[in-house]
Structures are given as structure tokens and as C-alpha cells.
Amino acid sequence: MALDKLQSLKSAISEAIKAVYDHDVDQTTLVLSETKKEFDGDYTVVVFPFTKVLRKKPEEIANSLGAWIKEHKSDVISDFNVIKGFLNFSLPDNFWKDAMAGLKVQEDQGIAKSGSSKVLVEYSSPNTNKPLHLGHIRNILLGWSTHKILAAVGHDVEKTKVVNDRGIAICKSMLAWQMDEESKTPEKSGVKGDHLVGDYYVAFEKRFQAEYQPWQQSADGQAAYEARKNKDQSEAAFFKAHKNKYFNEKSAIGKAARDLLISWEQGDPKVRELWSTMNGWVYKGWEATYDQLGVSFDFKDYESETYLLGKDIIKEGLEKGTFYRQEDGSVWVDLEDRGLDKKILLRSDGTSVYITQDLGTAQMRYKDHGAEKMIYVVGDEQDYHFQVLFEALKKLEEPYADGLYHLSYGMVDLPTGKMKGREGTIVDADDLIAEVIGEVRDAAIERGELEEITQEEREDIYRKIGLAALKFFILKVNPKKRMVFDPKESVDMQGQTGPYIQNAYVRIMSMLRRIDEDKLGSYGAYANIDPSEKSLIITLMNYPEEVAKAAKHYDPSLIANYTYDLAKKFHKFYHDVRVLSAESAEAKAFRLTLCRQVADTLEHAMDLLGIEMPPRM
RNA sequence: GGUUCCGUAGCUCAGCUGGAUAGAGCACCGGAUUUCUAAUCCGGCGGUCCCAGGUUCGAAUCCUGGCGGGAUCACCA
């Protein structure tokens, strides 16, 4: 196979070094890279590193090695040239034909099965008081793609999410619903369930502000402002920061919401019923969004069921002496030896904090699901939380502690800045998806294409193209980076976009539909392989390595950028050479075989991103 | 202030296990087809790779120190 072929070039180089200079080199340290297109040749080895040990000039080394290999290993290289310390090799036609044959027989596109662990990917863990927005989309796409990539390298992967279905937030929506005379339901109102509950959450905030704003001007409010610690703080900033305190201590509506939470915790049947009804609306709404995005989960944990977890692990930690109890009864872990702080794990009244249930959930996932590795797809504002969580589990010497990874990603900004609820700039997930598909539909109608197929088939293609545009736009950016999302650009279909890649695939499918792939014949006699063909083969050979890298770094953007590179090279090839009307039967067979491989690899890679390929467009 | 992430063309981003003249897309200008699907291709324009030191034959890439921006540092989640 292809790798062996490059291996033979590496061997030839090390043999040459031995023969000419009587020096042994470790072949694994030899790095062959694709020759830059401004220069002649296919692969390049940099000889600078040898100058020290061989004590010769780089040009001299390169020339003697090249000459030796050309003389003694004429089957491995067809020619070479030297520019400064760069030794460029041209490889013979047979190399390319063998390499392509090697690609074709490989299953799973030749991706090495490097992993075999049971891996859990947790992604999309939203609160039930709001519909999903653009930020969630980044999370969802990253989580889905990461799970696909890890599965591709052999891991046994399960997807999960934690549903934050309890707490004060949902109680706010519930209270607003109770206060609303209409008592809307998704059925009655025609509003999607998650949006309806979100609307009630907003309604609550409005009612709260209607109470809070006047209070700020009252004697009591002004007294609180006068008593502020930081005298530089403006009135607006003070009251913004004071909001939670007011909510908890003075607000009537705040008390009503908190009472609802207490009733919930006590298991009040009426409250529980409303709670589960409204959450049900949200779940149904979300499901529709997940379906649109083509993602799913193997199982879900509900915070209402897991929030009491973690007490056992705290107990273990106390017994082992890893954690300690303060006089007031609260439990802490000291991570100062690991560059972090002391962190509370259990309140003095014995109730959980956020991290308590995360400790418990991790342990549960290990015990109940056998998870050896757990990937948490969560925004980078929680970097510190996960550092603490992981270090605490390491300190406890939990067996899965080394397999924990926080796939941290940056916030999505708009060209105008941050998304802000109050300013109404939050990009809703459902709206965005519909908009992107609508744009594709409009563009297609304008072009007057796809008129020969059914309405249903057309809609399916619009959906695939629209989602490809959206998903690719988000996934091509390195997750760690905060990214700017321009809604206009996200529906672009030209250039570095999902549709550009789909177009390469569609072009190939269009050709393959016209021929019988089983009757292609041999390309054994094909000679004078075109540079555009070579560059495609090289790129295809790199695919398994690229997937391995993406898996290692948990980074789908590497795959996205790879697909673009491959598609770009294909479009160039398509332009430079004729395929169906090639100059010879061998050339035609060779090119069609190559096209098939490109299509398969593109489809496979895009699938890793959660992007579907349309048969035509 | 401590910690951490980011800083590459007007804009959005690649490249970062050190290698040749730093690449794409968008935008702008100009060309190619009377199609194996132009959702394509080719050319032009556009850069103190945030700054300063250091390591090296060689630094966008590694190290140190700055500067700028984000996040975080709750008995909130």
C-alpha cells in the first residue's frame, strides 16, 4: 500500500546516507513533505539536519544522496533536483498507480484503529427555560463531529447530555405561566414548545424588572446604593450587580419563584406536574431542532435525577483524607499544590454545589456505563471548573481520571459583538436553520436548476446544502478560538464553504452515473501522470493521518480544512484534464478510479463532520 | 491583581511536532465555458505573522518579557 511506497523512499535515503557517508540514521526521523508547487518534484527531504553530523555542506549532501539513489534505486525515484538544502524527488508513474491501487482496497478509508476505549461524549447540555441558539449549535456540531471522529479511529463511543431541568430558571417560566391568564400550550398557541417556555421566561424577567426598576428609585433602593462598597461604581452598574441579591432577599416575585422551587423539592404533586408538562414541551421542541441538525443521543441524564449524586464520592474523599471538612461542616478540596485554589465541594448545610453532582455523575458514568474516557463539550468559560473537577478526581485516584477531557470552545460572536438577550441579538437555532435552507432554495430557483426532480427530492437537497453551509462555516474554525459568525457569510455557497465541497462530490457522481464502474478496464499502461492527479493522490494518502490527528486533538476543524483542500484539488484536476473524454482508455480508467476515491473520501470526511452529500445540486 | 485562551491581508480563517518567496476564502479588478454541472477554474490587488529580546544554519511556529482582547477566580449553575 501507499505508505509502504513512501517507506521505500525513506529506506533509499537512509541506505544512501549509509553508502555515501557510512552513517546510520533513524528512518523515523526522516521527514518527507510534499514538494511546494513552485519547485520541481513530488516529495522533498530537508538535508539541513544532516549537516552537523556529516560535516558537509547541505548542497553537497543533497546532491550526493540524490545521485546515489538515482543510480542505485531507479525504481524508487525517477529524478531529483537540489535547491539549497532541499532535495526534491520526482517519483515514477508506477508509484502513483500503486499508491492509488492501495487507496482503493482500503476499508474505512485506511484509518488505523488506534483506539478501543469506551468513550462518553457529553454535549449540548442546555437549560430547559430557553430554546437553542447559535452558541448551542457550535456545541452540538462539535460534540457530534468529535464522537464521529473518535468512533472512526475505533473507540466505542456513546453520546450523552445532561438536561438541566431543575432549579430556579424553570421555576421562573412556570410562575410566569401560572400568572398568565391565557395559560398557553404549544398546541393552543401554535408556538414550538421550547420557544413558548422561553417566552414565559422572558415574561418573568419583564415582571421582575417592573418590580425592580421602581424599587431602585425608592428610599430603600437608594439606601442600598449609598451603602455600596465600591464608591466608584455607577448606579447602573451597582443595580446590575445587585440584581441577584434583590431577587433573593426583597423581591416578591422572586420569593414566589423560590417558593415554587421549594415546593418542587418537597415533591408537591401539582408543582411537579406543571414542571414535567412544561419540560415536556421543551424536550419536544428541542427534538425537532436536533432532528434538523441530524444529531442524537444514546442516553440522557436529567439533573433532577442526578443532582443528589456525589455525596458518596465526597464521603470516600473524606475517608481517604483527600478532602477535608471545615468547622462549619462544609467540605473542601485543596488543590493549591496543583496550581489551583481551595474549592468547596459541599455546602455547610450538606447540600450540593455544581461540582458535587459533576463528581457524582463522572463516577456514575464509570460504574454504570463503563466509561474509560469522558469528553465534555462545554464552553471555555468553564475551563476553571473542569480543571478543578479533573484534578479532584485525580487526587481521589479514580481509575478514569486520566481519561477526562474538556473540549473547550470559544464563544460565538456576531459582527456587531456579543449576542445579548436584552438587545434581542440572540440568533435562534431554528430561525437560523430555516433561513439558511431558504437561502439555498431561493438561489436554486433563481438558477432554474433541479427542475426535473420531485419537490420532495428538491427540498431534501436544499436542506443538505443549507446545513452544509452552516455546519462547515462553524466547524472549519479551530474550536478553541472565539469565532465571529456573520449570518450573511454562513449562507455563502462559493469558495471555502460546505457547498463547494459538495459540488466536487456532485461533479464526480454526475460522471459516475454515465459509466459502468465495473467495466473500466486496466490503467496499467497509463503514463505521464498529471500534476493535478499526483496532488490528489498525495492528499488522499494523507487522509488516515489527518483523521488520527483530529482524534488526538479532538479537533473537527482539521477534517473540515482537509475536505476543503481535497475538494479544491479535485476542482483543479477537473478543470485541467478530461475524464470521460480522456485521451486514452487507460487515462479514463485511471481518472475515474481516482474520482471514485475522491468522492468516497469526501463523503466519509464530511460524514465525520455530520454533513450529508446530495446526489446532485 | 492571579490563572488561562487568543492576537497572521480590509474582513473571516488556515499554517504553529522549526525549513524554500507566509497561504486560502470573501471583498475589489480582469480573464476562461456555448459544459464530464461556472455552486468551477486562472490572473491581479492586498502582510512590520501584536512588540522586544533569546535559542538555531534557519522562527509565524520554540523560550522569556511586554502590549492588546476574551474568559475565569461565588456555600450560582
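Below, chain A is the first sequence line, B the second, and so on; all start at residue 1.
Taking atom P in both U55(B) and A60(B), the straight-line distance is 16 Å, to the nearest Å. Comparing the P positions of U48(B) and G10(B) gives an interatomic distance of 7 Å, to the nearest angstrom. Across A27(B) and C13(B), the matching C1' atoms stand 15 Å from one another, rounded to whole Å. Between the P atoms of C6(B) and U64(B), the separation comes to 14 Å (whole Å). Spacing of P atoms, A9(B) relative to C50(B), comes out at 8 Å, to the nearest Å. Here, U35(B) and G44(B) have their C1' atoms 26 Å apart, quoted to the whole Å. C73(B) and C45(B) have their C1' atoms separated by 48 Å, with the value rounded to a whole Å. Rounded to a whole angstrom, the distance from the C1' atom of C11(B) to that of C63(B) is 33 Å.
Checked by atom type, the side-chain pair R596(A)/T593(A) shows no donor-acceptor distance below 3.5 Å. Side-chain contact annotation: S408(A) with D383(A), donor-acceptor N/O pair under 3.5 Å present. Judged purely by distance below 3.5 Å, without hydrogens or angles, the side chains of S304(A) and D165(A) pair a donor atom with an acceptor atom. A donor-acceptor contact closer than 3.5 angstrom links the side chains of Y526(A) and R591(A). When only modelled atom types and interatomic distance are considered, D358(A) and H385(A) share a side-chain donor-acceptor pair under 3.5 Å.
Stacking of the aromatic ring of F48(A) onto the base of G19(B) is found: the ring centres lie under 5.5 Å apart and the planes are inclined by under 30°.
Of the candidates G19(B), C41(B), A77(B), the closest approach to any side-chain atom of Y354(A) belongs to A77(B). Relative to the side chain of K480(A), the nucleotides A74(B), C6(B), U12(B) differ in distance, and C6(B) lies closest.
Checking the phosphate oxygens (OP1, OP2) of C36(B), a side-chain nitrogen or oxygen of R578(A) falls inside 4.0 Å. At least one side-chain nitrogen or oxygen of S510(A) sits closer than 4.0 Å to the OP1 or OP2 atom of U37(B). Using a 4.0 Å cut-off, no side-chain N or O of K588(A) falls inside it from OP1 or OP2 of C36(B). Close to U40(B), at under 4.0 Å from its OP1 or OP2, lies no side-chain N or O of K568(A). Using a 4.0 Å cut-off, some side-chain N or O of K84(A) falls inside it from OP1 or OP2 of U21(B). Put simply, K481(A) has a side-chain N or O that comes within less than 4.0 Å of OP1 or OP2 on G7(B). In this model, the phosphate group of A39(B) is approached by a side-chain N or O of R447(A) to a distance below 4.0 Å at OP1 or OP2. Contact annotation: R347(A) reaches the phosphate of A77(B) (side-chain N/O to OP1 or OP2, under 4.0 Å). Phosphate contact (OP1/OP2 of U40(B), side-chain N/O of Y505(A), threshold under 4.0 Å): absent. At A71(B), one or more side-chain N or O atoms of K418(A) fall inside 4.0 Å of OP1 or OP2 (strictly under the cut-off).
The interatomic distance linking E546(A) (CD) with U17(B) (C1') rounds to 14 Å, in whole Å.
Looking only at distances, a side-chain donor or acceptor of H571(A) sits under 3.5 Å from a matching main-chain atom of Y500(A).
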